[in-house]
Amino acid sequence: MTAPIPRDIPDLPAVPGPPILLPAPVPASAVVAPIRRPAIAVFRLLTAVAAAGGVALEILLGPPARILSYFSVQANILLTLVMLLSAARAWRARRPLPSALTGAALLYAVVGALVYHLLLAHTTPSFSMTGATAVPERWHAQWTALQVLHVLVPTAAVLDWLLLTPAGRLHLRQAAVWLLYPLAYLAFTLIRAAFLPPSDPSRYLYPFLDVTAHGYRSTLANALLLGLAMYALGVLLVALDHARPTPIRHRV
């Protein structure tokens, strides 16, 4: 005769075993505290001083409203602020700035340098931010300012990115976001020109954006080509950022 089945069956104890861990990747920056890096802070501070000095020298040589309207000048001002903040964070052992901001500052500085060397440095009449028609003499103030803004500072920004910044921080989605400022700058250029008299020599600061000389169709086509080139350069920076090694990945 079989025993009756009890109505309430007690819960069986859990079978002992290793706990199941769900995959949850955590970046090293979330668990490893950053350390003070005074040498890096000094380099970034010097880069910021050079960028600010180049902008200040240009303002001393030409009308401030005109000088501050150049893309490369605005890019150097942004780079100055980014380098100052980055230097302070490296000195105080703080988290680095967002990669979207540092990547944008790097891209704009490099774009300003490339535009100057490829499209402006050999134009006739000679390119000058102050409106001078004579070719800037070597080692004079105007030549020095152009070299600081378009050679020294962009080179320092690239070296900081390659040698002092952890790799793999840039993302492909950021390349499209970085185009918002150049698009806003194009609108600013066209609106600014609309409020200046046609006889003003500083109406169009860049010859390839001169609506009077090329018309709106060609000017917008030039802007589109520059935008595509800038996007391609941004994608290249992201690809290189993920392909290059980093000696300080474990520290940041």
Side-chain angles (χ1 to χ4, degrees), residues 29 33-62 64 67-68 70-117 120-121 128-130 136-170 174 178 181 233-234 236-237 240-241 244-252:
S29 59
I35 63 174
R36 290 183 70 249
R37 295 178 291 167
I40 294 178
V42 170
F43 179 83
R44 291 173 178 172
L45 177 61
L46 293 176
T47 302
V49 170
V55 172
L57 183 56
E58 283 288 1
I59 291 177
L60 291 175
L61 297 173
I67 299 301
L68 294 174
Y70 282 96
F71 180 89
S72 58
V73 170
Q74 297 177 12
N76 274 266
I77 293 175
L78 174 62
L79 188 66
T80 299
L81 299 176
V82 169
M83 285 295 176
L84 285 176
L85 293 175
S86 297
R89 286 171 176 257
W91 184 270
R92 300 175 182 175
R94 300 282 299 276
R95 303 292 181 190
L97 292 176
S99 61
L101 177 59
T102 57
L106 171 66
L107 177 64
Y108 301 152
V110 172
V111 167
L114 291 177
V115 168
Y116 171 76
H117 290 288
L120 301 174
S128 172
M129 289 186 176
T130 61
E137 298 184 28
R138 294 177 64 86
W139 306 115
H140 284 211
Q142 179 59 42
W143 182 88
T144 301
L146 291 174
Q147 302 310 306
V148 169
L149 294 177
H150 301 106
V151 179
L152 177 61
V153 172
T155 301
V158 171
L159 291 177
D160 176 82
W161 169 62
L162 288 175
L163 304 179
L164 305 178
T165 304
R169 297 186 63 219
L170 302 181
Q174 296 170 344
W178 292 335
Y181 167 64
L233 181 59
L236 178 61
L237 288 178
L240 292 177
D241 188 56
R244 66 186 177 92
T246 174
I248 55 175
R249 182 188 302 273
H250 61 285
R251 294 186 178 183
V252 180

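Just so we're clear, the structure is a prediction, and the values are computed from it rather than from any experiment.
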**Within residues 38-48 or reaching into it, pairs that qualify as salt bridge (Lys or Arg N to Asp or Glu O under 4.0 Å) - sequence neighbours excluded** =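 Qualifying pairs, neighbours excluded: R44-D160.
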With sequence neighbours excluded, tell me which residues meet side chain to side chain contact (heavy atoms under 4.5 Å, CB included) with [X].
X: A93; result: R36
X: L60; result: none
X: L81; result: none

Taking all non-hydrogen atoms of both residues, which atom of [X] and which atom of [Y] are closest, and how far apart?
X: A141; Y: L57; value: O-CD2, 3.6 Å
X: T80; Y: A52; value: OG1-N, 3.5 Å
X: A109; Y: L79; value: CB-CD2, 4.2 Å

Considering only heavy atoms from C-beta outward, does the side chain of [X] approach that of [Y] to under 4.5 Å?
X: W143; Y: E137; value: no
X: T165; Y: R244; value: yes
X: R37; Y: F43; value: no
X: L233; Y: V111; value: yes
X: L240; Y: W161; value: yes

**Request:** Applying side-chain hydrogen bond (donor to acceptor under 3.5 Å, both in side chains), name anything that partners Y70, two or more places apart in sequence or on another chain.
**Result:**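 Once residues adjacent in sequence are excluded, the partners of Y70 under the side-chain hydrogen bond (donor to acceptor under 3.5 Å, both in side chains) criterion are R66.
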Calculate, to the nearest 0.5 Å, the distance between atoms [atom1] and [atom2] belonging to [X] and [Y] respectively.
X: L107; Y: T102; atom1: CG; atom2: OG1; result: 11.5 Å
X: L45; Y: I40; atom1: CG; atom2: CD1; result: 13.5 Å
X: L170; Y: L106; atom1: CG; atom2: CG; result: 8.0 Å
X: L78; Y: M83; atom1: CG; atom2: CE; result: 10.0 Å

For the side chain of [X] and the backbone of [Y], is there at least one donor-acceptor N/O pair under 3.5 Å apart?
X: D241; Y: A167; result: no
X: W178; Y: A100; result: yes
X: R94; Y: A88; result: no
X: E58; Y: T130; result: no

**Prompt:** Are the ring centres of Y116 and F71 closer than 6.0 Å?
**Reply:**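 No; F71 has its ring centre 6.0 Å or more from that of Y116.
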Considering only distance and modelled atom types, tabulate donor-acceptor pairs under 3.5 Å from the side chains of residues 145-152, sequence neighbours left out.
residue : atom : partner : partner atom : Å
H150    : ND1  : L146    : O            : 2.9
H150    : NE2  : S72     : OG           : 3.1

